[in-house]
There are 4 protein chains.
Amino acid sequence: MGTRETKSRILDAALELFNTSSTSDISANRVAEAAGISRGNLHYHYASKEEIVLDLWNRIEAEMGEWSKNPMSPTLENMALMALRQFRLIWRYRFFYQELNVLLERDTELRYRFTRARQKRMEDVFVFFRQLANAGFLRSDLSDRQLRRLIKISWLVSDFWLSFVRVEDEVIDIGTMEDGFKLIVQLFEPVMTDRGKRGIPLSLRAFSLDPTDFTQRSA
Amino acid sequence: MGTRETKSRILDAALELFNTSSTSDISANRVAEAAGISRGNLHYHYASKEEIVLDLWNRIEAEMGEWSKNPMSPTLENMALMALRQFRLIWRYRFFYQELNVLLERDTELRYRFTRARQKRMEDVFVFFRQLANAGFLRSDLSDRQLRRLIKISWLVSDFWLSFVRVEDEVIDIGTMEDGFKLIVQLFEPVMTDRGKRGIPLSLRAFSLDPTDFTQRSA
Amino acid sequence: MGTRETKSRILDAALELFNTSSTSDISANRVAEAAGISRGNLHYHYASKEEIVLDLWNRIEAEMGEWSKNPMSPTLENMALMALRQFRLIWRYRFFYQELNVLLERDTELRYRFTRARQKRMEDVFVFFRQLANAGFLRSDLSDRQLRRLIKISWLVSDFWLSFVRVEDEVIDIGTMEDGFKLIVQLFEPVMTDRGKRGIPLSLRAFSLDPTDFTQRSA
Amino acid sequence: MGTRETKSRILDAALELFNTSSTSDISANRVAEAAGISRGNLHYHYASKEEIVLDLWNRIEAEMGEWSKNPMSPTLENMALMALRQFRLIWRYRFFYQELNVLLERDTELRYRFTRARQKRMEDVFVFFRQLANAGFLRSDLSDRQLRRLIKISWLVSDFWLSFVRVEDEVIDIGTMEDGFKLIVQLFEPVMTDRGKRGIPLSLRAFSLDPTDFTQRSA
DNA sequence: AATGAATGAGGCTTCATTCAT
DNA sequence: GATGAATGAAGCCTCATTCAT
């Protein structure tokens, strides 16, 4: 069996376990068991749980890297799409966002990688919204400072919306993410032009649920 | 030595440890050591770590209960005060909010208690804002539905703002909380009257940091 | 509350617990709980579990002492009665007989007391059977040696019959004891006279189940 | 080191300890120590003490399985041999028979395995005695029902004879087992033919003590 | 690459016991 | 007589880790 494939199986197994409990409550033992390999072998591939988490982060980063490589054209549909794929990514790796501070506290390198990626991604999003403004969807007098602050709140919302909702709701689905998107829309409404307000899609249900679809879509 | 005192020492020690690592990473051993008592005695008072967490939640709940008993008069200063004391509570018990989903997943009773308290508290806040509207600070055409949605976002912000910021910022202080408050203000701005917009305090630095001060203040 | 009463409650609770698990698996803790007193208080009355077991033995011994004080007249009904009350005693204190060797290994004094009581009791029984022979129920050529050996086997049967049966049977009741008695009868049959064989009661069901009845009955 | 060898050493050590105290009083710790391995390794091979007991039962069962595979020819010497090897087996695994009910109460699977094996073995013995009757050693009018009841008593005797004797006797040796055998002989005497009575060996001392000898001997 | 055996540390928990009240 | 607080030992178990194969 190839190294790649084994590592992949380990990550899959670990992700599923982390998402249901918490990283601290999942032992390497159980990951090995779930991955169908021996403890010794798990150790051969990943010396510690930290390394597994880091490699799961690599997956997240890789996916977001794809997004950066294929920037979306500035349409309102794409704004919705961006939100949706972000929610979905966060949901798939929810353990990461639910334990964010704990994980970053534990691993300095991870913290560095995470914040760097966040900044890079924020810049991408900033550019997208500037273009959205130029295209006449946002008010022309929106200052960079204002815009950045708006993005920051939406960021907070997208990072923690699912955690927030999960406290009370049993099921997380497309509807939950739609609600989160509506919150973000509401945040941007005061700075949208009439044309923007009219065109914003309020449902995400039309969009494909297959995450791989998200990477290439452009207008 | 009285039970109360010992229990209190345990909770203090546990809180401090939980806030720096994560509940799973802190052993009962270390809590006992930090509290200056024996392992056996720790177990005598708290059968499990779950019980400690639950009792720490009792503290949170008790503090919020005080707030409910002494409702604030509807002024803009009090709106700021409410946000500040909320941030401060969350910061003091930050481990709780940073691991929220994990903790609630682990303990069903805690989940019930938490959601019930949240609903109760949300209702209090709703009443406060309604009074704020009646007092002429919020636009009179603000619907209950709109108001509730606004409160929901601010809630998300206050629950997770510090977690969000902590990723990048080393130090959490009054300034951090002020920034959080500004976010909330920004959320409410679109529905504020001119009188409301003018009167909103943008700095929290004037307010005392002593949390006990927060309970009685009214206009 | 009087010492006597508390001690009695402790013994009752301990007996019930011992009978369902095993002495080693029952902690003083659980005995205290079942008796409805504090651990400290249990300790006040019984310094160790050994002492509790010894005091339970005292109860057994006391009950058998009553038997000695009121010897039965040599009838076949009384032979059945003796067996029955013996089975019942053993069943009530079954933990004792099921762990016999372990318990005696642990406590030298208990071993001494137990063997002494057994010898005393065996002598009583021997006398009873000699009278039974004199009364014409057993063959007159039965030697003391033979008789003693027969008693020994019956002893073994009564000590361990219930343990033996319990392995496979869920319920132990009067029928089970009846079966045990039949075994004993079978053992004695070869040395019984025709009159003895004819008169032996094969059912114990006619006898009262109230153990206190057993102490005074005599022809 | 091979698994087999280590497991074997664990079983040897556990058996010796169990036989002197009781299973509950022997900690995994002490077993590991006696086996000369680490606690962790002990747990690697046996997850719990229950499993050790079960594996010791496997040994008993295996040994009895050998007996079944090599049925003895129906001679009086072999009847004695069967009793002797049974006593010896019980003595070697005496902890098992001394705690029988407790152990079976604890482990349902063990109970099932034990009763199944007992029934199988009883059937073997029944066949042997039937052959003994056919060979003219037992009275031809002996009914199956009578025979089964006799076997049942002897079974009780062989299971518990050593427990019974051990209460008073310090040393258990070939003589003790001989006494037990005599009891059994006495049980069967009433149904033996004259030829049977004359031929029965009253001493077991002539038989080799090496248990491996017992498996093949046939007339 | 992979496995299974082995180790020792450390976690949780129960327990017997002591002691002040 | 009785209680509750406290201790420390010891039990069981899980775990990360190492290593020979």
Considering only [options], which nucleotide approaches the side chain of [X] most closely?
| X | options | result |
| --- | --- | --- |
| A/S38 | F/dT17, E/dT7, E/dT3 | E/dT3 |
| D/A28 | F/dG1, F/dC12, E/dT13 | F/dC12 |
| C/Y44 | F/dG1, E/dT14, F/dT14 | F/dG1 |

Nearest whole Å is fine: how far is [N] [atom2] from [X] [atom1]?
| X | N | atom1 | atom2 | answer |
| --- | --- | --- | --- | --- |
| D/N41 | F/dC19 | CG | P | 16 Å |
| A/D25 | F/dT14 | CG | C1' | 13 Å |
| A/R30 | F/dA16 | CZ | P | 11 Å |
| B/L42 | F/dG4 | CG | P | 19 Å |
| C/E33 | F/dG4 | CD | P | 13 Å |
| C/K49 | E/dT14 | NZ | C1' | 12 Å |
| D/H43 | F/dC13 | NE2 | C1' | 5 Å |
| D/E5 | E/dG4 | CD | C1' | 15 Å |

Closer than 4.0 Å, any side-chain N/O of [X] to the OP1 or OP2 of [N]?
| X | N | answer |
| --- | --- | --- |
| A/N29 | F/dT14 | no |
| C/T6 | F/dG1 | no |
| D/H45 | E/dG4 | no |

Both C/R39 and B/A47 contact DNA chain E. Taking the nearest nucleotide for each, which residue is further toward the 5' end?
B/A47

Bracket string, DNA chain E, 5' to 3' - pairs by Watson-Crick or G-U geometry under 3.5 Å, | interstrand:
.||||||||||||||||||||

Determine the interplanar angle of the B/Y97 and B/F114 rings, folded into 0 to 90°, and report it as parallel if under 30°, tilted if 30 to 60°, perpendicular if over 60°.
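Judged by the thresholds at 30° and 60°, the geometry between B/Y97 and B/F114 is perpendicular.
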
Between C/F18 and C/F95, how do the two ring planes meet: parallel, tilted or perpendicular, split at 30° and 60°?
tilted

How about C/S24 and C/R106: does a side-chain donor come under 3.5 Å of a side-chain acceptor?
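Yes - a donor-acceptor pair under 3.5 Å links their side chains.
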
Determine whether the side chains of A/E99 and A/T23 contain a donor N or O and an acceptor N or O closer than 3.5 Å.
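Side-chain D/A pair, A/E99 to A/T23: present.
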
Okay, side chain of D/R94, backbone of D/W91: is any donor-acceptor separation there less than 3.5 Å?
yes

Quick check against the 3.5 Å criterion: does D/S8 have a side-chain atom that pairs as donor or acceptor with the backbone of D/R4?
no

Pick base, sugar-phosphate or nothing for A/S27, based on heavy-atom distances below 4.0 Å to the nucleic acid.
sugar-phosphate

How far apart are the C-alpha atoms of D/D107 and D/R113, what are their side-chain angles, what is the distance that settles it, and do they pass the salt bridge (Lys or Arg N to Asp or Glu O under 4.0 Å) test?
CA-CA 10 Å; D/D107 186 344; D/R113 302 263 310 273; over 6 Å; no

